[in-house]
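Protein chains get the first letters and strands the later ones, always in sequence-line order, with residue 1 at the start of each. Keep in mind it's a predicted model, so treat the numbers as computed, not measured. The basis for the numbers below is simple: all heavy atoms, side chains too, and nothing from hydrogens, waters or symmetry mates.
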Number of protein chains: 2
Amino acid sequence: MGITERKEREKKQMRRQIIQAAMTMFREEGYEKTSIRKIAEMIEYSPATIYLYYKDKDELLYEVQREAFDKLYKAFTTKANHPDPLTRLHQLCKTYVHFGIQHPELYDLMFIIRAPMNVLEEKHLWTNGHVVFHYLVDCLKECMDKKLLRYKDVMILALSVWSMGHGLVSLNLRCRFKVMEMNEEQISQAIDTSIEEYLRVIKA
Amino acid sequence: MGITERKEREKKQMRRQIIQAAMTMFREEGYEKTSIRKIAEMIEYSPATIYLYYKDKDELLYEVQREAFDKLYKAFTTKANHPDPLTRLHQLCKTYVHFGIQHPELYDLMFIIRAPMNVLEEKHLWTNGHVVFHYLVDCLKECMDKKLLRYKDVMILALSVWSMGHGLVSLNLRCRFKVMEMNEEQISQAIDTSIEEYLRVIKA
DNA sequence: AAATTTACTGAACGTTGTTCATTTTATTAA
DNA sequence: TTAATAAAATGAACAACGTTCAGTAAATTT
């Protein structure tokens, strides 16, 4: 029966189209400012149609979030793959911060937006964030095995590195560094220096 | 003319009442979930009345934000005032993180929510965040004057310490640490340890 | 007591996410 | 090929939101 297969295909295609439009609009306008109605308009369907393919707006968020994590993971594997773990850690931090600044709305989606717990607790962040997070953990493990860092517990270290990176990115995205009297360029420079200095102090 | 004075007083009282209600609801339900209509209902006035005292919802945010910064500043002055600057820095970090975890919705208001630039750029964060931020800067300055920390630039250090603290708090508030397989208690412990370890590595 | 200023409100506008009865379209059966 | 059935899509509606404004109610001045 080729019809059911074709329908399956069309359904997948439609889901794809919806997510594509959502991704575009989320990136351009942000999650909050993007309405289901506008997404529907973009793909030239009725708003109600979207609800035949996705339960609610949150589900769109999860899908886009997953793709965003893929994107970050790819950035890691391509830009932070130096054999020396310490150099790799350096690349990793730079890549993370750079990603956040270059894709502010995606970063928002991934790390700042309030995600309803029900899905977040289960398999969702497990498959998404997990892979990315463990790319960092693995790097740190290798550093610690070689006694390159002044830390004993790899998880504490991972928590710390991630928090430092996220702190820099998210405070910057929310313009909170305006409290220091610096222009855009100076702040950007200061963020870079902060990473350098942080890596310096944790080095053995 | 006592009437104009009384009217002035009543106007101030009304503004106070509105902010009081807003503060309560923001803290209980968060900024987004608190509607002008519900605030109006709480103070037993029409929603339109609120607009006679405040331009829009953002203005309520700013007022509550200011009080929240006061609250954090008071927490600093009372809980982080040890004469030894290094001990004080330790107290400061603990107080900051503790504040964020104990007052999640206020923390959200202060550091996570998207604040419209127009007001944020001008005097607003200048009087609010500035005082709090410089409490940290002063502490760090004293540490550096006494060569207690492995940093050369106090601003870079301030940026770093703040980012680390904010990263820990905000990722926790948004449940992103769920990616590590830890329960609530373990995460809380890990955050504490992260601070300890961070202070250890920056110490001279 | 009348006129004027001030304080307040009900109703409305244009949004939003979401639902559901109804219609349009595609597939199957006669 | 046409009638019956299943699937897909939609228009209209609901409740809620921030905000505005013409109009009512109250207080103050004349």
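Among the atoms of the strands shown, base atoms are found under 4.0 Å from some heavy atom of A:T49. Among the heavy atoms of the strands, none lies under 4.0 Å from A:K11. Looking at heavy-atom distances under 4.0 Å, A:Y54 makes no contact with the nucleic acid at all.
Contact between the side-chain N/O atoms of A:Y45 and the OP1/OP2 oxygens of D:dT10 is not found at any separation under 4.0 Å. An OP1 or OP2 oxygen of D:dT19 is reached within less than 4.0 angstrom by no side-chain nitrogen or oxygen of B:R37. Between A:Y53 and D:dA9 there is a side-chain N or O to OP1 or OP2 distance below 4.0 Å. One finds no side-chain N or O of B:R6 lying less than 4.0 angstrom from the OP1 or OP2 phosphate oxygen of D:dA27. Residue B:S35 places at least one side-chain N or O closer than 4.0 Å to OP1 or OP2 of D:dC17.
Using modelled atom types, one side-chain atom of A:K38 and one backbone atom of A:K33 make a donor-acceptor pair closer than 3.5 Å. Under a 3.5 Å cut-off, the side chain of B:R27 and the backbone N or O of B:E105 do not form any donor-acceptor pair. B:R176 places a side-chain N or O within donor-acceptor distance of the main-chain N or O of A:M110, the cut-off being under 3.5 Å.
Remark: B:K57 is positioned above the aromatic ring of B:Y31, its terminal NZ or CZ atom under 6.0 angstrom from the ring centre and at most 45 degrees off the axis. For the pair A:R200 and B:Y151, the distance from NZ or CZ to the six-membered ring centre is under 6.0 Å and the angle to the ring normal is within 45 degrees.
You'll find the ring centres of A:H166 and A:Y107 inside the 6.0 Å limit. With ring centers used as reference points, B:Y96 lies under 6.0 Å from B:F111.
The nucleotide whose nearest atom lies closest to any side-chain atom of B:K38 is, among D:dT20, D:dT10, D:dC17, D:dC17. The A:Y51 side chain lies nearest to C:dT19 when the options are D:dT10, C:dT9, C:dT19.
Exactly one of A:Y135, A:Y198, A:F133 qualifies for a ring-ring contact (aromatic ring centres under 6.0 Å, His included) with A:W162. That residue is A:F133.
Residue B:E196 qualifies as enclosed at atom CD: its count of foreign heavy atoms under 6.0 Å is above 12.
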Item to complete: Represent DNA chain C in dot-bracket notation, 5' to 3'. Only Watson-Crick or G-U wobble pairs with both distances under 3.5 Å count; pseudoknot-style crossings use [ ] and interstrand partners use |.
Response: ||||||||||||||||||||||||||.|||
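Nearer the 5' end of DNA chain D, as judged by each residue's closest nucleotide, is the contact made by B:I36, out of B:K7 and B:I36.
The stretch residues 19-34 of chain A has no heavy atom under 4.0 Å from DNA chain D, so no residue of it qualifies as close.
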